Visitor: 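Take this structure first; my questions come after.
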Protein chains: 2
Amino acid sequence: MELGQLNEFKATPEINEQLMAFGTAKSFKEGDVIVNENAYTNAIPIVTNGSIRVMRSDEDGREILLYYINKGESCIMSFLGGMHQDTSKVKAVAEEATEILFIPIEKVLYLIKEYPQWLEYIFRLYHKRFEELLEVINAVAFKKMDERILNFIQKKCEMAQSKTISITHETLSLELGTARVVVSRLLKQMEDEGLVKLGRNKITLIQTTIVK
Amino acid sequence: MELGQLNEFKATPEINEQLMAFGTAKSFKEGDVIVNENAYTNAIPIVTNGSIRVMRSDEDGREILLYYINKGESCIMSFLGGMHQDTSKVKAVAEEATEILFIPIEKVLYLIKEYPQWLEYIFRLYHKRFEELLEVINAVAFKKMDERILNFIQKKCEMAQSKTISITHETLSLELGTARVVVSRLLKQMEDEGLVKLGRNKITLIQTTIVK
DNA sequence: GATTCTATGTAACCAAAGTTACACAAAGAA
DNA sequence: TTCTTTGTGTAACTTTGGTTACATAGAATC
């Protein structure tokens with residue numbers, strides 16, 4: 001288990017050491033639901049390995065992807081949700097096999113007091129999440145479906161460091177909060193335009209630059 | 001100038017006193033743009049009087065309302081944006097005559113260290129903003145325009161403590177990120193259904209319960 | 001009161017995306 | 001192999017909301 005990536009947020013080895021001492025580690029399999037309604041009242045979770053997909057779910061069961069929590073990052077929402085005891089309406093699912101370190105809130109507050117860098121780390125995360133939520137709002141409010149699909153694929157490709165991703169139209173539609181037929185229709189259209197190449201359970205990016 | 005409402009967030013009179021001492025007050029008229037791109041690099045703004053409207057603006061000039069910052073609250077976004085020096089793409093405009101107290105970041109960090117309640121206050125605000133952004137995402141992603149319009153009117157009525165609000169269809173459409181005609185059309189429809197009563201520059205809520 | 005803004009009402013049309021329904025093809029299981 | 005499940009392609013249709021264009025009505029100014 002490594003916390004190296006925390007260094008990106010200027011956490012010192014000393015802090016990491018304390019986190020490891022204070023925290024309780026827990027493992028999740030791909031697809032495991034980590035937060036559904038309001039869990040983890042007294043701890044802040046840090047992803048030490050793997051990644052988590054965070055979604056907003058509507059009353060009628062529809063969902064939309066908000067952001068991913070990657071290695072070295074924390075799930076701010078469930079922290080805040082827990083802290084103020086209301087139903088968070090955010091759902092977090094393990095994207096892959098994932099290790100999470102749960103730090104009790106008192107310890108977090110102690111760390112904040114002792115190490116300003118730790119507070120800095122938290123603020124940076126907040127900032128990142130805010131920006132990501134704003135991106136989602138922007139996409140949903142102003143972008144058309146084809147552009148959103150393309151963006152999603154590009155993001156996935158970046159994450160996977162590859163031009164090809166394995167995903168079904170069904171899954172894609174769920175993440176974007178639309179219907180499978182819509183995705184299939186637009187993807188086919190994009191294939192005709194030479195933007196992507198389609199296969200069963202497979203999408204290959206051909207042109208990275210978005211043609212407007 | 002009063003900071004009473006801060007008490008809602010458990011800030012003690014002692015903290016308030018210090019804030020007043022540390023901060024620089026500034027006044028804004030209705031419609032004044034407070035943040036456009038990335039301003040206020042070294043201060044956290046607290047609304048001591050009036051209220052601010054925060055919007056996300058698209059590249060093509062379209063906008064959508066995110067939330068209001070009321071008396072006693074702080075503009076978290078511009079704080080974070082300033083802290084990490086990137087263009088925040090959030091626009092803040094004074095809804096009415098507004099007084100803002102700018103607290104230098106060092107002082108904020110000092111207060112956090114000295115008074116845990118202050119950190120609690122900030123976390124509460126973050127939480128609130130997150131929830132509000134999630135509400136926007138939910139609305140834009142899953143709700144139909146008529147429902148969004150009704151929600152907007154209800155929120156406004158609550159704020160104004162009245163069943164009638166003064167707003168033009170034009171303004172309403174801009175806040176919701178749609179076109180005026182669409183708003184007029186749907187409002188008329190809602191009037192026919194007996195949900196609202198329309199006048200020039202005036203909308204009156206008739207039925208508070210949403211009929212589905 | 002006449003003129004000029006500003007706000008609203010409405011119609012006709014179009015594009016995007018949601019819906020339903022079904023065919024077919026690839027992959028896996030029996 | 002055959003059967004079944006899973007994933008994709010496509011057509012036809014509907015709904016929602018964006019667009020354009022214009023009429024009219026209330027307010028404000030002259």
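Every chain is numbered from 1 and lettered A, B, ... according to where its sequence line falls, protein lines coming before strand lines. Computed from a prediction, not measured in an experiment: that's the story for all the values here. Values reported hereafter were calculated over all heavy atoms of this structure, with side chains retained and with hydrogens, waters and symmetry mates removed.
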Visitor: What nucleotide, of C/dA17, C/dA7, D/dT8, holds the atom closest to the side chain of A/S184?
Guide: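 That would be D/dT8.
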
Visitor: Can you identify which nucleotide, out of C/dA17, C/dG9, D/dT19, has its nearest atom closest to the B/K188 side chain?
Guide: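 So the side chain of B/K188 is nearest to C/dG9.
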
Visitor: With the side chain of A/V182 defined as its heavy atoms from C-beta on, choose the nearest nucleotide among D/dG9, D/dT19, C/dT19.
Guide: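 Taking heavy atoms from C-beta onward, the closest nucleotide is C/dT19.
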
Visitor: Can you check the A/L174 CG to D/dT6 C1' distance for me, whole Å?
Guide: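 Distance check: A/L174 CG to D/dT6 C1' gives 14 Å.
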
Visitor: Which listed nucleotide (C/dT19, D/dT8, D/dG17) is nearest to the side chain of A/A179?
Guide: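 For A/A179, the side-chain atoms sit closest to C/dT19.
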
Visitor: With A/E63 as reference, evaluate A/R56, A/K91, A/R53 under the salt bridge (Lys or Arg N to Asp or Glu O under 4.0 Å) test and give the passing residue.
Guide: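 Checked A/R56, A/K91, A/R53 against A/E63; only one passes salt bridge (Lys or Arg N to Asp or Glu O under 4.0 Å): A/K91.
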
Visitor: List the steps and the verdict of side-chain contact (heavy atoms from CB on, under 4.5 Å) for B/L187 and B/H169.
Guide: CA-CA 9 Å; B/L187 273 177; B/H169 300 181; 3.5 Å; yes

Visitor: Consider the side chain of B/T178, meaning its heavy atoms from C-beta on, and name the nucleotide among D/dG18, C/dA16, D/dG17 that approaches it most closely.
Guide: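 Of the options given, the side chain of B/T178 lies nearest D/dG18.
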
Visitor: Starting from C1' on C/dT10, measure out to CG on B/L187 and report it in whole angstrom.
Guide: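 Whole-Å distance recorded here is 14 Å.
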
Visitor: To the nearest Å, how far apart are B/M145 CE and C/dA16 P?
Guide: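 Distance check: B/M145 CE to C/dA16 P gives 18 Å.
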
Visitor: Once you round it to whole Å, what is the distance between C1' of D/dG17 and NZ of B/K143?
Guide: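 These atoms are roughly 18 Å apart.
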
Visitor: Starting from the 5' end of DNA chain C, give me the residue, A/K144 or B/T168, whose nearest nucleotide shows up first.
Guide: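 Taking each residue's closest nucleotide, the earlier one in sequence belongs to B/T168.
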
Visitor: Is the charged tip of B/R129 near the ring of B/Y67: under 6.0 Å from the six-membered ring centre and within 45° of its axis?
Guide: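 Yes, B/R129 and B/Y67 form such a contact.
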
Visitor: How long is the line joining NZ of B/K202 and C1' of C/dT6, in whole Å?
Guide: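 Between C1' of C/dT6 and NZ of B/K202: 17 Å.
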
Visitor: Closest to the B/R200 side chain: C/dT6, D/dG9, D/dG7?
Guide: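 Out of C/dT6, D/dG9, D/dG7, the nucleotide with an atom closest to B/R200's side chain is C/dT6.
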
Visitor: With a 4.5 Å limit on heavy-atom distance, are the side chains of B/L101 and B/M20 in contact?
Guide: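 When only atoms from C-beta onward are counted, B/M20 and B/L101 do touch, with a gap below 4.5 Å.
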
Visitor: Starting at atom CZ of A/R148, determine the distance to atom P of C/dA17, rounded to an integer number of angstrom.
Guide: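 It is 9 Å, rounded to the nearest whole Å.
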
Visitor: Base, sugar-phosphate alone, or nothing: which one does A/G199 contact when heavy atoms must sit under 4.0 Å apart?
Guide: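 Since only primed, P, OP1 and OP2 atoms lie under 4.0 Å of A/G199, the category is sugar-phosphate.
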
Visitor: For B/H169 and C/dT8, is the shortest distance between a side-chain N/O and OP1 or OP2 below 4.0 Å?
Guide: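 Yes, because at least one side-chain N or O of B/H169 sits under 4.0 Å from OP1 or OP2 of C/dT8.
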
Visitor: Between atom CD in A/Q189 and atom C1' in C/dA16, what is the gap in whole Å?
Guide: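 Taking CD of A/Q189 and C1' of C/dA16, I get 10 Å after rounding.
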
Visitor: Between atom CZ in A/R185 and atom P in D/dC13, what is the gap in whole Å?
Guide: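 After rounding, the reported distance stands at 14 Å.
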
Visitor: Kindly point out which of D/dT8, C/dA21, C/dT10 is positioned nearest to the side chain of B/R180?
Guide: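 So the side chain of B/R180 is nearest to C/dT10.
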
Visitor: Given A/I52 and A/F28, is the side-chain contact (heavy atoms from CB on, under 4.5 Å) satisfied, shown in steps?
Guide: CA-CA 10 Å; A/I52 297 173; A/F28 296 90; over 6 Å; no

